[in-house]
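Working notes, beginning with the structure itself.
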Amino acid sequence: MASRFNPLKADAHWQRVWEEHGTFHADDSSARPKSYILEMFPYPSGRIHVGHVRNYVMGDVLARYRRMDGFEVLHPMGWDAFGLPAENAAMERKIHPGAWTRSNIATMRGQLKRLGLALDWSREFATCDPDYYGHQQALFLDLHEAGLVYRKESEVNWDPVDMTVLANEQVVDGKGWRSGAPVERRKLSQWFLRITDFAEELLESLGGLDKWPDKVRLMQENWIGRSQGLKFRFALERPIAGTDGFDVFTTRPDTIFGASFAAISPDHPIALAIAKDDPALAAFIAECKAGGTTAAELETAEKKGFDTGLKVVHPLDPEWTLPLYVANFVLIDYGTGAIFGCPAHDQRDLDFARKYGLPVTRVVAATPEEAAEPVGDEAYTGPGRLVNSRFLDGLTAEDASREIVARAETEGWGQGAIVWRLRDWGVSRQRYWGTPIPFIHCAACGPVPVPREQLPVVLPEDVAFDHPGNPLDRHPSWTRVDCPACGGPGRRETDTLDTFVDSSWYFMRFASQPADAPFNRAAVEAWLPVDQYIGGVEHAILHLLYARFWTHALKRIGRLDVAEPFEGLFTQGMVTHETYRAPDGRWLAPEEVEHKDGRLVVAATGEPAETGRVEKMSKSKRNTVDPDPIVDQYGADGLRWFLLSDSPPERDLPWSEAGIEGSWRFMQRLWRLADAESGVSTWLGAEESGEAVAALERKLHRTIAAVGANIEALAFNKAVANIYELANAIEKAPPSQARARTVETLLLLVAPMVPHLAEQAWAALGKEGLIANAAWPKADPALLVEDQVTIAVQVNGKLRDTLTAAKGAPREALEEMALASEKIVRILDGKLPRKVIVVPDRLVNLVA
RNA sequence: GCGGACGUGGCGAAAUCGGUAGACGCAGCAGACUUAAAAUCUGCUUUCCUUCGGGAAGUGUGGGUUCAAGUCCCGCCGUCCGCACCA
């Protein structure tokens with residue numbers, strides 16, 4: 001056995017052995033219990049960085065552990081391969097998006113393979129394979145048939161110089177990223193998925209996802225945003241533009257007698273109707289549209305209103321009219337696009353009322369004294385009883401709400417309603433590099449689904465990116481197609497699907513990939529739900545919600561009996577790194593800067609460089625760290641071990657190379673431990689009993705239990721610490737057969753984390769078979785408990801002494817021992833304690 | 001503004017139920033081995049005081065509950081994340 005572990009040879013050797021044996025192929029027909037471990041699949045942006053590695057290694061440790069623990073494990077890998085960066089690359093480098101993507105995939109696959117991940121590569125696919133997106137088109141048609149797909153006018157970002165639609169990330173400070181021209185909002189007819197039909201059940205079943213982080217559940221809950229209240233009708237004093245009133249929604253029906261105005265959105269049909277004959281209002285509406293749409297701009301935007309001069313009638317008093325405003329802060333696509341304002345109990349309404357001199361009437365008071373107090377600068381939104389509210393006076397706010405809803409329903413002017421913040425999912429993208437939406441537009445028949453036998457609708461390869469906009473639009477032949485319904489001339493839909501659609505069902509295709517269907521139902525039902533899904537928290541809302549929706553929708557249309565796609569979710573922390581900038585503002589990669597005389601300079605030119613924030617590794621900030629040179633130097637296991645050590649996996653990990661030397665040293669330590677035992681016959685007949693051996697056995701079994709539990713909990717940093725402790729204990733133990741057995745077990749314990757080294761040492765010890773296929777050791781419950789425990793002795797809660805006692809020693813005995821302690825006798829100085837608290841096996845606290 | 005998380009040595013961190021704070025690792029210091037270096041091994045490493053026995057303080061901060069608080073409760077300070085005109 002060599003005295004040093006050489007990862008250069010071992011890594012490649014064992015990777016080849018695993019591949020040749022098909023070690024990590026998932027067998028659909030296995031009788032073992034199934035476990036599906038999945039990390040969010042990567043976008044092939046170029047090369048992987050250590051942030052990716054951290055993600056995949058975590059899943060890999062769990063997958064290898066589950067295999068050893070007796071499960072049939074599905075642990076696949078693929079590529080989220082459609083998306084905008086490929087088109088940008090096409091424009092910048094005159095390379096086809098497909099070619100660019102394929103070449104990145106090849107590079108990244110090679111990088112991943114060097115890490116020795118226990119992946120079933122036979123199931124690999126990319127979402128840009130027609131074989132994948134063709135089935136996606138079929139599923140889209142299924143949803144369409146079920147009425148879950150529709151078309152609607154919707155606003156897009158329009159660059160008036162480049163004459164192109166921009167994705168949100170292409171809008172920088174309200175301007176087009178290439179042209180720099182102010183972006184306009186423009187209406188286009190686009191495809192939508194009816195996710196709002198599922199709002200209720202998506203919210204409901206969040207409650208059952210108890211292996212998800214609370215944080216993510218809460219974020220989804222807020223995103224879906226259920227609000228309960230009253231929808232009621234305001235009658236206009238006199239009809240206008242053929243309408244005599246409009247609906248408003250409120251969550252505070254109890255404050256209805258505090259109403260002082262009504263307001264509608266600038267996009268509300270009534271506003272638009274009035275504006276036709278009212279140039280002043282038309283100007284106001286135009287002004288509302290001019291402002292930017294970024295969060296910061298909205299936050300600071302002034303609350304503005306336009307008094308239409310019209311009045312609406314209070315629903316509970318025909319004599320009482322309220323002014324009708326058009327207000328910039330009323331959203332057309334939430335609730336009914338119209339509100340009633342109750343300034344006393346809503347801050348925004350109060351600001352508005354003060355600005356336009358509207359009355360402010362308190363209708364809820366926390367205390368009886370408060371009833372007469374005028375409202376100041378702050379609206380009161382807390383609980384209380386009703387005042388100034390006629391028949392509601394004296395009721396609590398909740399009771400008053402119920403009373404108003406009941407009365408509205410009886411009298412017929414309104415009804416209880418639930419309003420959702422969630423909007424339908426717009427899936428149209430005016431882009432080339434995505435799944436073509438399988439429809440054909442016909443002047444006579446409208447949009448007609450592409451017949452199933454014509455799927456997949458394959459993206460044409462012959463496209464040019466020398467003009468802005470979607471090259472599919474300009475394609476001379478691809479767009480020309482006959483209408484499948486009437487046979488007349490038609491035109492292919494040139495919008496492609498949002499890439500979030502691609503990632504909404506890829507985990508089903510991993511479980512089963514027949515040629516003639518999106519998936520085989522039985523196979524998907526056997527593997528799903530994913531037992532453990534691992535990825536970045538940045539996907540906490542959109543991706544996870546869309547994938548949940550897709551699964552719920554397939555269930556509703558009878559395609560799949562899976563309630564939720566991901567049973568366990570883990571959101572791992574990001575790997576962060578400092579960013580660097582040159583004097584001209586360019587981002588610099590870590591290898592382009594160096595420290596010189598204590599200052600950071602650009603290595604090539606010697607100009608001073610600026611250190612930016614520590615941020616998530618990303619290609620655009622150029623702060624990524626490539627794993628390849630690290631693997632060259634320390635082996636896959638050195639890197640794997642380092643990424644698992646120290647930082648809790650959910651926390652961000654600031655990258656530094658300082659610690660990896662330590663990992664490398666530990667690899668060699670493990671190797672030496674195994675090396676020392678490879679001549680195990682030397683110790684035959686050596687002492688097999690005695691306290692040292694017994695202590696080592698107990699340590700081993702406690703470690704087996706702890707490492708297993710910590711891997712299950714994805715607390716890899718703790719599992720690493722457990723293993724270090726065991727290694728320390730082994731090194732201190734005298735040679736014996738028990739020690740040799742302990743080293744063997746240690747190898748099993750580290751096998752999921754450092755698989756190459758474990759295989760190499762396992763083979764060197766002459767063990768049969770692959771350690772990857774070995775059984776996870778079982779902890780002997782009898783050895784998990786110590787027979788001796790250390791008891792803390794406190795006086796007034798302060799530690800004064802410790803003593804050793806038999807486990808389970810009775811309270812009286814512990815108290816006696818504590819009182820007999822020399823130190824305690826000295827501290828008590830002859831006095832008797834007033835009170836003695838004994839916690840068996842833990843401590844004795846003497847209260848003096 | 002609303003919602004949430006977090007704050008422990010020089011650094012990454014641990015402490016499962018309120019019960020010996022700092023396990024484990026990194027960095028550092030001292031020593032052994034060596035002609036030397038690397039590698040490896042041993043010991044020390046929260047702060048302050050010390051007559052070297054030990055003593056005092058200590059988990060952002062101020063209070064509180066308790067025999068006992070990193071852990072529970074209230075207030076404050078700070079950092080980070082999500083949502084953001086949601087009626």
Side-chain angles (χ1 to χ4, degrees), chain A residues 3-4 213-216 218-223 225-227 229-230 248-252 255 263 265 294-303 327-331 333-342 345-349 351-352 381 419-423 537-538 540-541 641-642 645-648 650-654 656 658-663 665-666 668-669 672 706 709-710 713 715 717-728 731 790-803 823 826 833-848:
Chain A
S3 61
R4 278 176 78 80
D214 291 343
K215 178 194 170 136
V216 175
L218 189 69
M219 280 162 71
Q220 292 222 346
E221 205 176 299
N222 292 340
W223 188 262
R226 182 183 194 271
S227 289
L230 171 72
V248 299
F249 173 75
T250 177
T251 53
R252 292 293 303 274
T255 64
S265 163
T294 66
E297 281 174 288
L298 288 173
E299 173 63 16
T300 50
E302 202 187 343
K303 312 289 177 258
N328 65 346
F329 59 84
V330 181
L331 307 174
D333 52 2
Y334 181 77
T336 60
I339 62 163
F340 87 86
C342 175
H345 305 288
D346 181 283
Q347 190 60 46
R348 198 192 44 213
D349 291 351
D351 296 344
F352 191 82
T381 54
V419 161
W420 304 89
R421 185 188 170 284
L422 185 68
R423 310 291 151 78
V537 73
E538 66 274 21
I541 297 176
W641 185 258
F642 176 64
S645 308
D646 297 347
S647 268
E650 68 277 9
R651 213 171 291 180
D652 285 355
L653 171 69
S656 101
I660 199 161
E661 290 281 346
S663 293
R665 280 200 297 271
F666 187 65
Q668 298 302 343
R669 252 177 92 194
R672 283 193 304 275
N710 282 327
N717 57 321
K718 296 185 204 170
V720 163
N722 300 144
I723 286 165
Y724 271 115
E725 281 193 56
L726 180 61
N728 290 344
E731 284 174 347
T790 305
I791 305 289
V793 184
Q794 300 177 331
V795 176
N796 294 332
K798 288 194 175 171
L799 181 72
R800 294 300 174 187
D801 198 6
T802 57
L803 48 89
K823 288 176 190 165
R826 183 153 29 88
R834 280 193 293 122
K835 192 173 173 187
V836 180
I837 283 126
V838 181
V839 183
D841 297 337
R842 286 248 144 181
L843 60 71
V844 179
N845 188 13
L846 305 164
V847 187

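Residue numbers start from 1 in every chain, and the chains themselves are labelled A, B, ... in the order their sequence lines are given, proteins ahead of strands.
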Need one value for [X]: base, sugar-phosphate or nothing, where a base atom within 4.0 Å counts as base even if backbone is also close, heavy atoms only.
X: A:Tyr334; result: base
X: A:Asn728; result: sugar-phosphate
X: A:Pro648; result: sugar-phosphate
X: A:Thr790; result: base
X: A:Val839; result: base
X: A:Val330; result: base
X: A:Arg348; result: base
X: A:Asp346; result: nothing
X: A:Thr802; result: base
X: A:Arg423; result: base
X: A:Glu661; result: nothing
X: A:Leu218; result: sugar-phosphate

**Message:** For a side-chain contact (heavy atoms from CB on, under 4.5 Å) check, start with the C-alpha distance between A:Val537 and A:Lys215, then their side-chain angles and the critical distance, and finish with the verdict.
**Reply:** CA-CA 10 Å; A:Val537 73; A:Lys215 178 194 170 136; 4.0 Å; yes

[N] phosphate, OP1 or OP2: any side-chain N/O from [X] under 4.0 angstrom?
X: A:Arg651; N: B:A14; value: yes
X: A:Asn717; N: B:A14; value: yes
X: A:Ser647; N: B:A13; value: yes
X: A:Lys798; N: B:G55; value: no
X: A:Lys718; N: B:A15; value: yes
X: A:Arg800; N: B:A56; value: yes
X: A:Arg421; N: B:A87; value: no

Is [N] syn or anti, taking syn as a glycosidic angle within 90° of 0?
N: B:G9; answer: syn
N: B:C49; answer: anti
N: B:G53; answer: syn

Taking the [atom1] atom of each, how far is [N] from [M], in whole Å?
N: B:C24; M: B:A15; atom1: P; result: 14 Å
N: B:U42; M: B:C33; atom1: C1'; result: 11 Å
N: B:A38; M: B:C49; atom1: P; result: 34 Å
N: B:C76; M: B:G7; atom1: C1'; result: 14 Å
N: B:G31; M: B:C80; atom1: P; result: 44 Å
N: B:G1; M: B:A84; atom1: C1'; result: 8 Å
N: B:A13; M: B:C67; atom1: P; result: 36 Å
N: B:G58; M: B:C48; atom1: P; result: 16 Å

**Side-chain donor/acceptor of A:Lys303 to base of B:C85, under 3.5 Å** =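 Side chain to base: pair present.
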
**Item:** Any N/O donor-acceptor pair, A:Arg665 side-chain to B:C26 base, under 3.5 Å
**Value:**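 Checked by distance alone, the answer is no.
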
**Asked** RNA chain B: A:Asn722 or A:Trp420, which has the more 5' nearest nucleotide?
**Response**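 This one resolves to A:Asn722.
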
**Message:** If you assign each of A:Glu731 and A:Gly662 to its closest nucleotide in RNA chain B, which residue comes earlier from the 5' end?
**Reply:**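 On the 5' side of the pair lies A:Gly662.
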
**Message:** With side-chain contact (heavy atoms from CB on, under 4.5 Å) as the criterion, how do A:Arg669 and A:Asn728 come out once you've worked through the C-alpha distance, each side chain's angles and the decisive distance to 0.1 Å?
**Reply:** CA-CA 10 Å; A:Arg669 252 177 92 194; A:Asn728 290 344; 2.6 Å; yes

**Request:** Using whole Å, report how far CD of A:Glu538 lies from P of B:C80.
**Result:**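 My rounded result for the distance is 18 Å.
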
**Asked** How many Å lie between CG on A:Leu843 and P on B:G18, as a whole number?
**Response**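 To the nearest whole Å, that distance equals 14 Å.
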
**Each stem that RNA chain B is part of, given as range with range (3 or more consecutive Watson-Crick or G-U pairs, under 3.5 Å)** =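 RNA chain B forms these stems: B:1-7 with B:77-83, B:10-12 with B:24-26, B:28-32 with B:40-44, B:46-49 with B:54-57, B:60-64 with B:72-76.
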
**Item:** Set of residues satisfying side chain to side chain contact (heavy atoms under 4.5 Å, CB included) with respect to A:Arg423, sequence neighbours excluded
**Value:**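 If we apply the side chain to side chain contact (heavy atoms under 4.5 Å, CB included) test to A:Arg423, skipping adjacent residues, the hits are A:Asp333, A:Tyr334.
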
**Prompt:** Excluding sequence neighbours, so at least two apart, what forms side chain to side chain contact (heavy atoms under 4.5 Å, CB included) with A:Thr802?
**Reply:**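 So A:Thr802 forms a side chain to side chain contact (heavy atoms under 4.5 Å, CB included) with A:Thr790, A:Leu799.
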
**Message:** Counting neighbours of CZ on A:Arg226 that are heavy atoms of other residues, nucleotides or ligands and sit closer than 6.0 Å, is the number greater than 12?
**Reply:**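 Counting neighbours around CZ of A:Arg226, more than 12 heavy atoms of other residues, nucleotides or ligands fall under 6.0 Å, so yes.
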
**Request:** Could you grab the distance from atom CG of A:Asn222 to atom CG of A:Leu422, nearest 0.5 Å is fine?
**Result:**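 Reported value, rounded in 0.5 Å steps: 12.5 Å.
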
**Item:** Distance, nearest 0.5 Å, that separates CG of A:Leu726 from CD of A:Glu731
**Value:**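 If we round to the nearest 0.5 Å, A:Leu726:CG and A:Glu731:CD are 10.0 Å apart.
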
**Message:** Run A:Arg800 and A:Val793 through side-chain contact (heavy atoms from CB on, under 4.5 Å) and show every step you take.
**Reply:** CA-CA 6 Å; A:Arg800 294 300 174 187; A:Val793 184; 5.6 Å; no

**Message:** Between A:Asp801 and A:Lys823, is the salt bridge (Lys or Arg N to Asp or Glu O under 4.0 Å) condition met? List the steps.
**Reply:** CA-CA 7 Å; A:Asp801 198 6; A:Lys823 288 176 190 165; 3.6 Å; yes

**Request:** Show your working on side-chain contact (heavy atoms from CB on, under 4.5 Å) between A:Thr250 and A:Leu230 and close with a plain yes or no.
**Result:** CA-CA 5 Å; A:Thr250 177; A:Leu230 171 72; 4.2 Å; yes

**Item:** Minimum-distance nucleotide (side-chain atoms of A:Leu331 versus B:C86, B:C83, B:G12)
**Value:**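 Out of B:C86, B:C83, B:G12, the nucleotide with an atom closest to A:Leu331's side chain is B:C86.
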
